[in-house]
Amino acid sequence: MSTHVSEEVREALHEGRPVVALESTIIAHGLPRPRNLAVATELETLVRDEGAVPATIAVVDGTAHIGLDEARLTRIAEDPAVRKLGHRDLAPALATGATGATTVSATAWLADSAGIRVFATGGLGGVHREWSETQDESADLRLLSRVGITVVCAGVKSILDVPATLQRLETLGVTVVGYGTAHFPGFYLASSGEPVDWTLRTPEQVARVIRAQDELGEPYAALVVANPVPVEDQLEPALHDRVLAQGLASAKEKGITGQAVTPFLLEYLTVHTEGASLEANLAAVRGNVRLAARIAAAYRGMP
């Protein structure tokens with residue numbers, strides 16, 4: 001496979017120092033330009049401030065890059081032709097010399113292949129509403145059942161079927177823990193109302209769970225650390241519920257189905273909450289990145 005690990009990331013992994021993988025889809029497709037590049041740089045800085053090395057992942061000209069230099073990060077942020085790559089897209093992207101931003105599934109797979117143990121993102125994909133009719137489920141879930149990486153996230157996007165997603169993760173053997181919470185986060189919201197079976201409260205506790213996974217060995221599956229957005233930064237719940245209901249109705253009226261539903265609803269929320277959903281998203285991502293760096297440092301600092 002055509003993969004390039006940056007010198008900084010390669011040295012950190014060789015020396016056993018903490019590294020945090022970061023996805024690039026939020027940069028290319030999740031944020032407006034030019035703010036996306038500023039956020040990408042900010043997230044890498046947050047990782048460094050916590051004593052870890054950031055490894056933003058993307059495919060550039062047919063090569064999977066684990067850690068982006070300034071020029072490649074800028075290209076991912078500014079080039080409108082950058083594709084969106086899930087795990088299933090990696091082979092054709094590498095074979096055809098494509099450039100694309102990696103989703104959760106592609107980032108997790110590439111990070112795991114490089115030996116990175118901790119990955120920070122905003123929210124996972126999951127089981128879509130009306131699954132019984134559409135059979136629409138994110139590739140994130142099955143991929144996470146195949147890699148031994150820890151994913152720090154703010155739950156799954158609230159436009160999805162959260163109970164069904166949690167059930168699917170259980171079926172696939174993916175461990176889910178709440179960080180400082182007994183309830184699964186709701187991405188824009190601090191709580192989805194769904195309980196979690198395990199609650200951890202410090203990076204060191206999470207690191208011990210990762211170490212226990214190491215000792216248990218195969219079969220490998222991800223550890224999902226569900227870290228809620230701070231209550232003061234969440235999207236106001238009544239506003240969230242009202243706008244989401246309106247967005248779902250609008251999507252149905254316009255005949256929007258399949259993969260087009262998620263970007264439509266996310267954009268609808270951004271517009272009809274006057275940007276409040278975007279700010280909640282960013283608050284969640286920042287918190288996840290900080291926590292992921294602390295977990296990576298705690299894990300690498302264990303005897």
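Of all heavy-atom pairs between Val19 and Ala296, the closest is O-CB, 3.9 Å. Closest heavy-atom contact between Gly125 and Leu141: O-CD2, 3.5 Å. For the residue pair Leu94 and Ser2, the shortest heavy atom distance occurs at CD2-O, 4.0 Å. Considering all non-hydrogen atoms of both residues, Ile66 and Thr3 come closest at CG1-CG2, 3.9 Å. Contact record, Ala283 with Asp233: CB-CB, 3.7 Å, taken as the closest heavy-atom pair. What you find for Ala21 and Ile116 is that their closest heavy atoms are N-CG2, 3.9 Å.
Defined by atom type and a distance below 3.5 Å, a donor-acceptor pair is missing between the side-chain atoms of Thr103 and Thr25. Judged purely by distance below 3.5 Å, without hydrogens or angles, the side chains of Glu23 and Thr102 never pair a donor atom with an acceptor atom. Looking only at atom types and distance, the side chain of Tyr299 has a donor-acceptor partner in the side chain of Arg117 under 3.5 Å away. Side-chain atoms of Ser158 and His240 form a donor-acceptor pair, as typed in the model, at a separation below 3.5 Å. Between Ser24 and Thr56, the side chains place no donor N or O within less than 3.5 Å of an acceptor N or O (distance only, hydrogens not considered).
Within 6.0 Å of CD in Glu232 there are more than 12 heavy atoms belonging to other residues, nucleotides or ligands. Heavy atoms of other residues, nucleotides or ligands lying less than 6.0 angstrom from CZ of Arg142 number 12 at most. Summarising the local packing, CD of Glu15 is surrounded by more than 12 heavy atoms from other residues, nucleotides or ligands at distances under 6.0 Å.
Within the hydrophobic cluster formed by Ile, Leu, Val, Met, Phe, Trp and Tyr side chains joined at under 4.5 Å, directly or through other members, Leu46 is accompanied by Val20, Leu22, Ile26, Ile27, Leu31, Leu37, Val39, Leu43, Val47, Val60, Leu68, Leu73, Ile76, Val82, Leu278, Leu282, Val285, Val289.
The shortest distance between side-chain heavy atoms of Glu11 and Arg17 falls below 4.5 Å. Between Val156 and Val162 the shortest side-chain heavy-atom distance falls below 4.5 Å. At a threshold of 4.5 Å between non-hydrogen side-chain atoms, the residues Glu42 and Thr45 do not count as touching. Ser250 places a side-chain heavy atom less than 4.5 Å from the side chain of Lys254. The shortest distance between side-chain heavy atoms of Leu223 and Gln213 falls below 4.5 Å. For the pair Leu269/Tyr188, a side-chain contact is recorded, criterion being any heavy-atom separation below 4.5 Å from C-beta on. The side-chain heavy atoms of Leu266 and Lys157, taken from C-beta on, include a pair separated by under 4.5 Å.
Leu85 and Trp109 fall within the same hydrophobic cluster, defined by Ile, Leu, Val, Met, Phe, Trp and Tyr side-chain heavy atoms under 4.5 Å apart, directly or through other members. Cluster membership check: Val225 does not share its hydrophobic cluster with Val229, using side-chain heavy-atom separations under 4.5 Å among Ile, Leu, Val, Met, Phe, Trp and Tyr. If you chain together hydrophobic residues whose side chains sit under 4.5 Å apart, Val224 and Val104 fall into the same group. Cluster annotation: Val176 and Leu124 are assigned to the same hydrophobic cluster (Ile/Leu/Val/Met/Phe/Trp/Tyr, side-chain heavy-atom contacts under 4.5 Å, transitive). Under a hydrophobic-cluster definition in which Ile, Leu, Val, Met, Phe, Trp and Tyr are linked whenever side-chain heavy atoms come within less than 4.5 Å, directly or via other members, Leu166 and Leu143 are assigned to the same cluster.
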Gln234 vs Val231, test: side-chain contact (heavy atoms from CB on, under 4.5 Å). Steps then yes/no.
CA-CA 5 Å; Gln234 72 173 343; Val231 172; 3.8 Å; yes
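Using a 4.0 Å cut-off between charged side-chain N and carboxylate O, Arg48 and Glu8 make a salt bridge. A salt bridge links Asp61 with Arg75; the closest basic N to acidic carboxylate O contact falls under 4.0 Å. Salt-bridge check for Glu50 with Arg290: failed, with every basic side-chain N at 4.0 Å or more from each acidic carboxylate O. Using a 4.0 Å cut-off between a side-chain N of Lys or Arg and a carboxylate O of Asp or Glu, Arg146 and Glu218 do not qualify as a salt bridge.
The aromatic rings of Tyr268 and His272 sit parallel, their planes meeting at an angle under 30°, below the 60° perpendicular limit.
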